[in-house]
Amino acid sequence: MSFKKVLEKFDPSLTKHKIDQVSDEEIEVLLFKEKFSLDDLIPLLSPAAEKNLSKLSIKAKNKTLQHFGRTIKLYAPLYLSSYCRNSCVYCNFNKKNKTARRRLSLKEAQKEAQILFDYGFRHILLVAGEDPDFINREYLAELIKNLKTKFSGVSVEIAPLEAQEYLQLENLGLDGLTIYQETYDHKVYREVHAGGSKSDFWWRLATPERGGQAKLRELGIGFLLGLADWRVEGFYLGMHAAYLMKNFWQSQISISFPRIRNIEASFRPPQRVSDKNLLQLITALRLVFPHVDMTLSTRECPALRDDLIGVGITRMSAGSKTSPGGYANAGQNESKQFSLEDHRSPLEVSQSISSAGFDPVFKDWERLFDREKL
Amino acid sequence: MKDTLKIADREFNSRLFIGTGKFSSPAVMQAAVEAAESEIVTVALRRVDLDNPNDQILEHLDPNKVLILPNTSGARDHTEAVRLAKLAAASGLPKWIKLEVTPEPRFLLPDPVETLKAAEILVKDGFNVMPYINADPILAKRLEEVGCVTVMPLGSPIGSNQGIKTLENIKIILDLVNIPVVVDAGLGKPSDAALAMELGASAVLVNTAIATAGNPTEMAKAFKLAVIAGRCAYLSKIPETKDFAEASSPLSGLLR
């Protein structure tokens, strides 16, 4: 059974009603719990839980410490192309935006990768706008094959592919995929994704399943915070994670929390998600999924990122640039996918993690491809 | 009496192995290893940078004082585990390997089928293989037969601090096998380690309970003492438990 069938069972308005109806008594029961289950997700995401958020977040912190120790993993995105056929209203790569676009040649992409390698990164995320004329299978295959001679972990955040295509890339060394559903609310999804292949809600929703069929080591999911009610979205995200864990038991599931921060391209996010709301979402998912890696990117400001070290978050990007060629041409006014709030260098982020009593980890897997000495 | 632990052709004074993950820094890890007086320290190949001569983890371990035991943490099948082991050997680490094949990323339980396959290949290739296994006595025998130098059954899921939940099966393993048995994973407090040693385990491996303690150095010391106490008790032949009370000063002597 696909996740589509699971999702169809839940009516968003009914789920919202359930979340809103949670009582203070139900939350008090949670405070004495040590083991949480999917059934606890609704109360944990409820407005009623806000009063006890500090107590719950301490529990989340303890769970993170037990499962991940005092470590934070670091990675960096590598933007390959800003060409896109979609017209997502919140994204600067929207095809309707009249902006300078660029695709990196293989050589340019390798040059960017080398800069990240020299910073110390061993895990990178390849990101690209969705346009198969610019980012196709051959390009990705060649690039991944090359990058795996250096990097321990290479993942992609690109247009969804077929399972067979993921399998081919996996054979060349691809470790994982990240795909944000953006919103689990079908209606809102249609409104913000009017054009391009991305308008197909169900094709996108099944992407992690296709990655799981290809036995990718990691499947990263998330929704864009600010499009629909974050509490309801958090519930669906949890259901999605649980579904993937049961059905693709050999893949590591990870969760990211991309929040719309700056109002750009005349887009005003329909829902406000405060720092406190973000903390509650992370806390709820951490308590229910103690083993899952949770990522917070440079979309968030340094103070908040530092505060959330160890409170559920186990992985961070650092020194990110969100335009193709952004590392080699720092300072140039290329079109960025979105604006960043944390402009610290990778070294500065590492130092902040160390000061918080955590070990910044740049390498957490071993590349098993193209090792001449084997 | 000298009571050393012999594994393959090496002898060790310490029966406490330390894992190096989850510490807040390599320096904290080093201090814990020193406080534990451990002589076998396991290092995840996924975490070390074998191409970097200044790798932070390896730099904080003195190969003259400890055996650096690389582990294949993260390997999902025997092919990946074998490749990781060979990478470690090619980079100059000793040809010892803690074999971990854990295809399920949440509970990290070892895959018995793939572990046995990998062990056979690596033993033939000249490695001293120390497999991490579920507490399955028959699997332990099979691994002994293919030439592993220890077996390392889990007390409970890795990092869970639940103590020895597999007690009865570990007792059977201790009864059945002729190679050292190292209880690995799940030991949450020094008394868990003492229990394993009292049962007759040759050694224990601890990581999470030390690395995530409020004071890792002191906790390492506590585990060291618990392992010594448990071993000492085992060697002293622990009296049997009885169903009824028995006076400490028997009356029979007075009535003679």
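In what follows, every chain begins at residue 1, and chains take the letters A, B, ... in the order their sequences are listed.
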With a cut-off of 6.0 Å (strictly less than), are more than 12 heavy atoms of other residues, nucleotides or ligands near [atom1] of [X]?
X: A/K55; atom1: NZ; value: no
X: B/K189; atom1: NZ; value: yes
X: B/K221; atom1: NZ; value: no
X: B/R142; atom1: CZ; value: no

Could you report the tightest heavy-atom contact between [X] and [Y], atom names first, then the distance?
X: B/P105; Y: A/S251; answer: CG-O, 3.5 Å
X: B/P26; Y: A/D359; answer: CD-OD1, 3.9 Å
X: B/S24; Y: A/G357; answer: CB-O, 3.0 Å
X: A/R70; Y: B/T212; answer: NH2-O, 3.7 Å
X: B/D49; Y: A/R122; answer: OD2-NE, 3.5 Å

Taking the side chain from [X] and the backbone from [Y], do they hold a donor-acceptor pair closer than 3.5 Å?
X: A/K363; Y: B/V48; result: yes
X: B/R76; Y: A/Q250; result: yes
X: A/Q66; Y: B/S160; result: yes
X: B/R106; Y: A/H291; result: no

Which atoms of [X] approach chain A - backbone, side chain, both or neither, heavy atom under 4.5 Å:
X: B/A213; result: backbone
X: B/V28; result: neither
X: B/L84; result: both
X: B/Q56; result: neither
X: B/T208; result: side chain
X: B/T102; result: neither

Identify the residues of residues 110-132 of chain B whose heavy atoms come closer than 4.5 Å to a heavy atom of chain A, ordered by number, or report 'none'.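 Under the 4.5 Å heavy-atom cut-off, nothing qualifies.
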
Based on non-hydrogen pairs under 4.5 Å, which of A/F68, A/W249, A/F358, A/F289 is most in contact with chain B?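 Of the candidates given, the most pairs with chain B belong to A/W249.
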
Could you tell me which residues in residues 56-65 of chain A have at least one non-hydrogen atom under 4.5 Å from a non-hydrogen atom of chain B, sorted by residue number? A/L65

Using ring pair (Phe, Tyr, Trp, His ring centres under 6.0 Å) as the criterion, list what pairs up with A/F151, not counting sequence neighbours. A/F117

Sequence neighbours excluded, the answer for ring pair (Phe, Tyr, Trp, His ring centres under 6.0 Å) partners of A/Y180 is none

Strictly below 4.0 Å, N to O, side chains only: are A/K215 and B/D77 in salt-bridge contact? no

Before accepting this row, confirm whether a basic side-chain N of the pair B/R46/A/D364 lies closer than 4.0 Å to the acidic partner's carboxylate O.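 So B/R46 pairs with A/D364 through a salt bridge.
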
What part of A/R217 lies closer than 4.5 angstrom to a heavy atom of chain B: side chain, backbone, both or neither? both

